[in-house]
Every structure is written in structure tokens, then in C-alpha cells.
There are 2 protein chains.
Amino acid sequence: MEKINEILTLDSNAKIIYPKKGEILQRENELNSKIFYVKKGLLRSFTIDEKGKEHIFIFASAGWLIADIESQEFNQPTELFIDCLEKSEVVVLDRANFMLSNLTEIQLKQNAHLLARRTAVLQRRVIMLMSASAKERYNRFLESYPELPNRVPQRMIASYLGITPQALSTIRRKMVRKN
Amino acid sequence: MEKINEILTLDSNAKIIYPKKGEILQRENELNSKIFYVKKGLLRSFTIDEKGKEHIFIFASAGWLIADIESQEFNQPTELFIDCLEKSEVVVLDRANFMLSNLTEIQLKQNAHLLARRTAVLQRRVIMLMSASAKERYNRFLESYPELPNRVPQRMIASYLGITPQALSTIRRKMVRKN
DNA sequence: TCACATTGTTAATCTAGATGAATGCATAGA
DNA sequence: TCTATGCATTCATCTAGATTAACAATGTGA
């Protein structure tokens, strides 16, 4: 994940921002083409459905990219909000530059790996959503992101898992009782 | 989607196969690094969970790639089966070659776009699984892949949507009644 | 400091979709 | 041709998780 820095330093259009907790970096329906690389802190992306309910798509802590790849790839307005959960340090890249600037071959390959890694995470997520119970998904979440439960409120973890805060609370209670 | 052909013709290790309906191209737990590009026909990838239940991850008709990106990116044995639903024509690529062969810059960028497009599809899939009812997911599926219902049995569509064949049958009945 | 919002918990009720089983139909294979 | 296997449908039942609501504990801001 270090090679990204080469890309960043080469991209003269890259800017660094220091968003505060609660700051919104990208809104739904913006025609946006930004990619955010988190150097420090924590961001998240999420949608809001017709009933006004929030669905967290992904958390991005230090070293991760966050962006609305779907709308960017198909040149449509953003579906995802992106906001800041902790005081952060974030590199803002332009999609066009990220994909098309004069990067070296090595950097392009790195780029491909970053995208492949993101895809891999999503692949696992889809399989989990289809085949695992809420309890299993929660346990997998704890294994995969052991530090996040200390940093984000439970209602957001519930939202990430695709369940209500009440359901998560019940799952946790049952897990405690069994130990 | 045509530029892929440039990549294919350059990759001297690429082979063409002609699998028949029902033929399995990749099994779970194989340490495999193949990427399949479908020229004609129809493939699918799927997992089988602990209860023996099938979960279809993706359908790939002409012009699409299919591969277990997750296990490849993390160098682990395959989680996904890949098999053939219709007599097909398929280009078999080696992951190593696909990522690291001496492709031109343009081809590498094309490559990045193919991956980004895959990621975009998965992004939409995750959001749908989290926020939409089975009925809504079915309608979206019909919009996105209008030709597939004629080519694959309903139980597979149900599996793709993450519901049982019975539930899909009920949804369809209700939709017919309303028209 | 006091009002007020946000978070997590519990409990009662409701519902989308799962499960299990039976039936009719079509296709395939000996 | 007959038999068997897979597919779609329907129905009765069950259950994981949603919904609604009430309440305590903690933060937050004027």
C-alpha cells in the first residue's frame, strides 16, 4: 500500500485536506469524480434510501481509497455520500488524473492492484450478504476490522452489516451470555 | 469492450476452449489463477455454503470477464466454482500474464477500466442487497439483464437474488396478477 | 448549570422470506 | 416407449430480523 504514495506525489493536481468529524466530503447527486485516499483518520461512504434510511457502504481508515466507482465508471451523478468520522488527513485525487495521467507502467499496475483489492473486498461482502446470518456477518466483521468497534458507534456497524441497531444489540447480548 | 481483444491477441499464453453446458471450469479450493473471457455463450460463478446451498455470484455472457478476484488478489485457494450454462467459446487467460505481461500503456488502462466496471457492478449489488426487498431486486435484475430470464432457469435467478425459488415464484405470481 | 439530543438496551408485535412437503409438467436417457 | 430426474408452483408453517415504543446513560451546547 506504500506505492500509492508514488502516484500521489506524481499527481500534481492532488490536494491534501484536513476534514473534521462530521464534515461531508461528497453529496449524493453531485457530478463528482474525486477519489479520496485516507492518510490518517476515518471516512465512510453511504447511501440514503427512499425511506430515509442510511446504508453504510464502506469504511476507509488509513491506507484505503474511498470513491463512488460506479457513478464514475458510468459518468453518472454520485449515489454515495462520503463523510468524515474522525479528524482526518486525506489526499484528494481527480479520477481523470488517477486513470489517465502520465503514470509509469509500474504505477498503472499498482493502480490495477488497488482496484482488484477493492473488488475482492466487495466480492466477499456480496457472498456474505447472500449466505450468512446477521450474527455470522458480525463475527466476520469483528475478525476483519478488529479496531473499528472502538472507533465507530454501534448503529453504524449495524448499518454496515445491513441490520437495525436493535438487532445488533440483541446479537451482542446473546454472545456475551454464552461466554 | 473491444479493446480486450488487443490484450488477448498479445497474450501468447491465452488459449481458447469450447466448454459444453454443465462443464465445470474451476472448482472450489483449487489454487487457481485463471481469468475467463466469454466470447460466446454463458458462464456463471457460485459458492456452496456449509448447508450445501448454492449462491450464484455472477453471470457472464458474451463480452464479460469471470474470475475469482478475491482469492487471486490474496493468493488463496478459490472460493468460487465456475461452470458453463450454455455451449460457449471462452478465452482462458493467466492472471499473472493479465496483470504483469508486457502490455502497452493503453492496454493497461483498458484493463483498469474493465476492473473498475466489475467493481461498479458489485457496488450496485451490495447496495441492493442491503436496501432493497426481494421484489425490488428482481425488478432491477430484469431491467439490467433482460435477456437472461430466457436463458437460465428460475432457480438460478433466485439464487442470484439471494432468495429461494419458492419466494421468486410467489413474487412473479403477484406481479402477473397486478397487470 | 440545565435542557436536549444521541446512543444503547429491552420487550411486544409484525412480516418478508425460509422451510418442508405435495403436485403437475417437461425433458432426457435406457 | 417408459421411467426418472429436474423444474416450477402452491400451501402450511416457522423464524430471523424489522418495527414501534419506552427508558436509562451519556454527551453537548447555550
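Each chain gets a letter, A, B and so on, in the order the sequences are listed, and its residues count up from 1. Note: hydrogens, waters and symmetry copies are ignored here, and every other heavy atom, side chains too, is used.
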J.: Please report the C-alpha distance between B:D68 and A:Q123 in whole Å, then the side-chain angles of each, then the deciding distance to 0.1 Å, and finally whether the side-chain hydrogen bond (donor to acceptor under 3.5 Å, both in side chains) criterion is met.
T.: CA-CA 9 Å; B:D68 186 350; A:Q123 174 176 319; 2.6 Å; yes
J.: With a 4.0 Å cutoff (strictly under), does any side-chain N or O of B:K53 reach OP1 or OP2 of C:dT19?
T.: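 The answer is yes; a side-chain N or O of B:K53 sits under 4.0 Å from OP1 or OP2.
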J.: Indicate whether any N or O donor in one side chain lies under 3.5 Å from an N or O acceptor in the other, for A:E79 and A:N29.
T.: no
J.: Once you round it to whole Å, what is the distance between P of D:dG17 and OH of A:Y138?
T.: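 Atom OH in A:Y138 sits about 14 Å away from atom P in D:dG17.
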J.: Applying ring pair (Phe, Tyr, Trp, His ring centres under 6.0 Å), run through B:F57 and B:F46 and close with a yes or a no.
T.: CA-CA 5 Å; B:F57 181 62; B:F46 62 98; over 10 Å; no
J.: B:A134 has a side chain; which of C:dT9, D:dT9, C:dG17 sits nearest to it?
T.: C:dG17
J.: Counting any heavy atom closer than 4.0 Å, what does B:T170 reach on the DNA or RNA strands: base, sugar-phosphate only, or nothing?
T.: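 Touches nothing.
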J.: Could you state the atom-to-atom distance from CD1 of B:I157 to C1' of D:dT9 in whole Å?
T.: 15 Å
J.: A:F141 vs A:F59 aromatic rings, parallel, tilted or perpendicular, using cut-offs 30° and 60°?
T.: tilted
J.: State plainly whether one hydrophobic cluster holds both B:I82 and B:I58, where clusters connect Ile, Leu, Val, Met, Phe, Trp and Tyr through side-chain heavy atoms under 4.5 angstrom apart.
T.: yes
J.: CD of B:E54 versus P of D:dG6: gap in Å, rounded?
T.: 12 Å
J.: Given the ring of B:Y160, does B:R44 sit roughly above its face, with NZ or CZ under 6.0 Å from the centre of the six-membered ring and within 45° of the axis?
T.: no
J.: Can you find a side-chain donor-acceptor pair between A:Y138 and A:R172 that sits under 3.5 Å?
T.: yes
J.: With a 4.0 Å limit, can you tell me whether B:T164 has a side-chain N or O closer than that to the phosphate oxygens OP1/OP2 of C:dA18?
T.: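 Looking at the OP1 and OP2 atoms of C:dA18, one of them is under 4.0 Å from a side-chain N or O of B:T164.
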J.: Estimate the overall bend of the helix from C:dT1-D:dA30 to C:dA30-D:dT1 from the end axes over five pairs each, rounded to 10 degrees.
T.: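 It comes to 40° between the two terminal axes.
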J.: Grab the CD1-C1' distance between A:I171 and D:dA18 for me, whole Å please.
T.: 12 Å
J.: Rounded to the nearest Å, what distance is computed from the CG atom of residue A:L168 to the C1' atom of nucleotide C:dT9?
T.: 11 Å
J.: Atom CE of B:M130 to atom P of D:dG17: distance rounded to whole Å?
T.: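 About 16 Å, once rounded to whole Å.
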J.: Contact class for B:P153 vs. all strands (heavy atom < 4.0 Å): base, sugar-phosphate, or nothing?
T.: sugar-phosphate
J.: Nearest whole Å is fine: how far is D:dT10 C1' from B:K174 NZ?
T.: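 That distance rounds to 12 Å.
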J.: Between C:dT19, D:dT19, C:dG8, which one does the side chain of B:Q166 approach most closely?
T.: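 Nearest to the side-chain atoms of B:Q166, counting from C-beta on, is C:dT19.
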J.: Taking the side chain of B:I163 as heavy atoms from C-beta outward, which of D:dT9, C:dT10, C:dA18 is closest to it?
T.: C:dA18
J.: If you restrict it to nitrogen or oxygen atoms, what contacts under 3.5 Å exist between nucleotides 24-30 of chain D and the protein, and what is each distance?
T.:
none

J.: Give a yes or no on this: more than 12 heavy atoms of other residues, nucleotides or ligands lie within 6.0 Å of atom CZ of B:R151.
T.: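 Above 12, so yes.
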J.: What integer distance in Å separates B:R172:CZ from C:dG17:P?
T.: 16 Å
J.: Looking at B:R173, I'd like to know whether one of its side-chain N or O atoms comes within less than 4.0 Å of OP1 or OP2 on D:dT10.
T.: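 Yes.
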J.: Applying the salt bridge (Lys or Arg N to Asp or Glu O under 4.0 Å) criterion to A:E70, which one of B:R117, B:R118, B:R124 satisfies it?
T.: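 For A:E70, the salt bridge (Lys or Arg N to Asp or Glu O under 4.0 Å) test succeeds with only one of B:R117, B:R118, B:R124, which is B:R124.
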J.: Nearest to the side chain of A:R155, heavy atoms from C-beta on, is which of C:dG17, D:dA18, C:dG8?
T.: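 For A:R155, the side-chain atoms sit closest to C:dG8.
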J.: Using 4.0 Å as the upper bound for N to carboxylate O, is an ion pair formed by B:K40 and B:E86?
T.: no
